[in-house]
Q: 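Below is one structure. I have some questions about it.
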Amino acid sequence: ALLRERLETALALRERCFDAPYYRLCHGEGDMLPGLVVDRFGDHLTVQIGTAGMEARKEQLREVLRSLLSPASILWDNDLASRSLEGLARDNDLEGDVPEELDVPENGCRFLAPCRTGQKTGWFYDQRRNRAEAARYANGVQVLDIFSYAGGFGGTAARAGASSVTFIDASQTAVDYAVRNAARNAPRLADADAVKGLCGDAFACMEQLYDEGRRFGLVCLDPPAFIKRRKDAEQGKAAYRKANALAVRLLEPGGVFVSCSCSHHLPAETLRGLVALAAAKNHRQGRILYAGGQPEDHPVHCAMPETAYLKCFIAHMS
Ligand code: SAH
């Protein structure tokens, strides 16, 4: 009954502000269900259970999800580091007809993403609003999407009128999806051969683009969590510092920089400081145009600051 009531509350909140069933249905403590993340992709659900306590309720959870949503399939995505700490199995468990690929509508675009081999739950819903904000600066400029995964930022920018889009990611699968998604959302760019993917280490790729003299009007930087645990804070902060400086160096004068961090242990004020430092290092005047975080399907519990993790600054660099 508790699971049902809390998931009903979560669902009602989503149905209040989304017109299609594509969202994070449950954001752990943010929805008062510790250890449980549920992403909804139409008829398909991806569920992550991160604690032994929630695992013990798996059967009841399955019943509640079935009766609330009648999903065609559920992927129990168990490939989480926290599961090892909790002594839980890491093998995925597929129920029903789990699709190979997700097709996600977002901000007027459509994105394909790998479902079974994807990262996290397949699609990063948390950047939905920040992608739309970033795309407001895309019209007529060359766009660089660093740590692109399936191209959420660059694909949205492509549809918003970018003159070219370049993606960087260490995963070839991610780069292939990003290129496909940009072409799908802006066929004119594909026709003009203006969508490019670079597979490799982002730091090396940024150096390479700089040496080639490439400059961009919009650069989006959305690294993986460089600080996973508090003890990694200093080392992780150095990686953010370096990535921000290299990214700003690739901006043409008057370019717009989007800097994100999903590390809970990097406070927003620290990221803002790194953006300022990157501007100073590159002899730019940086002006913040937008400061964002998580969208409404990733609620932050007022009494649990740990449920806040995502930061996004958009800055004009003269
Ligand atoms: N911006 C994406 C999400 C990025 S997730 C979106 O909007 O959906 C972080 C991505 O960084 C992953 O796709 C991962 O493959 C990639 N990655 C991790 N380390 C990397 C590295 N050193 N160089 C390039 N890409 C890396």
Side-chain angles (χ1 to χ4, degrees), residues 22-24 39 41 46 79 81 101-107 109-115 117-135 138 143-160 162 165-182 184-185 196-209 218-228 232 235-236 238-244 246-247 250 257-263 266 271 292-295 297-298 309-314:
Y22 290 84
Y23 41 67
R24 174 152 293 188
D39 278 354
F41 301 97
T46 298
D79 192 16
E101 230 172 43
L102 304 166
D103 190 353
V104 185
E106 184 181 287
N107 294 318
C109 302
R110 289 200 80 97
F111 290 96
L112 295 171
C115 181
T117 56
Q119 305 188 29
K120 292 243 196 131
T121 62
W123 182 247
F124 295 94
Y125 278 131
D126 56 358
Q127 290 286 21
R128 179 192 307 108
R129 188 185 291 155
N130 300 329
R131 291 179 187 125
E133 279 296 322
V143 174
L144 178 62
D145 183 348
I146 310 163
F147 301 103
S148 66
Y149 182 51
F153 278 95
T156 311
R159 189 166 186 278
V165 186
T166 304
F167 297 100
I168 299 176
D169 201 282
S171 146
Q172 187 66 53
T173 307
V175 171
D176 291 345
Y177 270 99
V179 168
R180 263 171 86 193
N181 281 324
R184 195 170 181 229
N185 287 292
K196 296 272 185 271
L198 293 175
C199 180
D201 173 58
F203 293 87
C205 292
M206 285 193 272
E207 302 263 14
Q208 180 196 328
L209 288 171
L218 177 66
V219 171
C220 305
L221 178 73
D222 181 23
F226 286 145
I227 311 175
K228 292 208 171 66
D232 305 331
Q235 204 181 346
Y240 282 109
R241 186 184 304 125
K242 186 168 177 199
N244 276 264
L246 287 174
L250 288 166
F257 179 43
V258 180
S259 183
C260 308
S261 164
C262 58
S263 297
L266 189 84
L271 181 62
Q294 299 156 219
D297 54 345
H298 293 62
Y309 65 99
L310 189 65
K311 281 80 54 184
C312 171
F313 289 105
I314 301 183

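Computed from a prediction, not measured in an experiment: that's the story for all the values here. For ligands, and for the atoms within them, numbers begin at 1 and follow the listed sequence. Worth knowing before you read on, the calculation uses all heavy atoms, side chains too, and leaves out hydrogens, waters and symmetry mates.
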Q: Only heavy atoms of R131, strictly under 4.0 Å: list the atoms of ligand 1 that pass.
A: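 Taking each heavy atom of R131 in turn, ligand 1 has 6 (C), 7 (O), 8 (O) under 4.0 Å.
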
Q: Provide the number and element of each atom of ligand 1 under 4.0 Å from a heavy atom of F124.
A: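 By the 4.0 Å cutoff, the relevant atoms are 3 (C), 5 (S), 8 (O).
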
Q: Does an N or O anywhere in D222 fall below 3.5 Å from an N or O of ligand 1?
A: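 Yes, D222 has an N/O under 3.5 Å of an N/O on ligand 1.
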
Q: What atoms of ligand 1 come within less than 4.0 Å of a heavy atom belonging to G200?
A: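 Here the atoms of ligand 1 in question are 23 (N), 24 (C).
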
Q: For ligand 1, which is the ligand I care about here, please tell me if I168 has any N or O atom under 3.5 Å from one of the ligand's N or O atoms.
A: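 No; every N/O pair is 3.5 Å or more apart.
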
Q: Check whether the ring centres of F41 and W123 lie less than 6.0 Å apart, and answer yes or no.
A: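 No, the ring centres sit 6.0 Å or more apart.
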
Q: How close do S148 and A178 get, counting heavy atoms only, and between which atoms?
A: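 Reported closest heavy-atom pair: OG-CB, 4.0 Å.
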
Q: For V143 and A162, work out which heavy atoms get closest and say how close.
A: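 Where V143 meets A162 most closely, the heavy atoms are CG2-CB, 3.6 Å.
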
Q: Within the side chain of N107, is there an N or O that forms a donor-acceptor pair under 3.5 Å with the backbone of R129?
A: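 Absent.
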
Q: Using salt bridge (charged side-chain N to carboxylate O under 4.0 Å, His left out) as the criterion, list what pairs up with D297, not counting sequence neighbours.
A: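 Partners of D297 by the salt bridge (charged side-chain N to carboxylate O under 4.0 Å, His left out) criterion, ordered by chain and then number, come out as R128.
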
Q: Could you tell me whether P223 and ligand 1 have an N or O pair separated by under 3.5 Å?
A: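 The answer is no, given that P223 and ligand 1 share no N or O pair closer than 3.5 Å.
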
Q: Between S148 and ligand 1, which part of the residue brings a heavy atom under 4.0 Å of the ligand: side chain, backbone, both or neither?
A: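 Contact part for S148 vs ligand 1: backbone (N, CA, C, O).
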
Q: Using side-chain heavy atoms (C-beta onward) and a distance below 4.5 Å, is N130 in contact with D222?
A: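 Answer no - side chains too far apart.
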
Q: Quick one: does D201 get within less than 4.0 Å of ligand 1, heavy atoms only?
A: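 Yes, D201 has a heavy atom closer than 4.0 Å to ligand 1.
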
Q: Could you tell me which atoms of ligand 1, counted from 1 in the order shown, lie closer than 4.0 angstrom to a heavy atom of A202?
A: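 Near A202, the atoms of ligand 1 are 21 (C), 23 (N), 24 (C).
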
Q: I'd like to know whether ligand 1 has A150 as a neighbour, heavy-atom separation below 4.0 Å.
A: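 No, that is not the case, since the closest heavy atom of the residue is not under 4.0 Å from the ligand.
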
Q: Kindly assign one of parallel, tilted or perpendicular to the pair F203 and F226, based on the angle between their ring planes and the thresholds 30° and 60°.
A: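 Answer is tilted, since the angle falls between 30° and 60°.
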
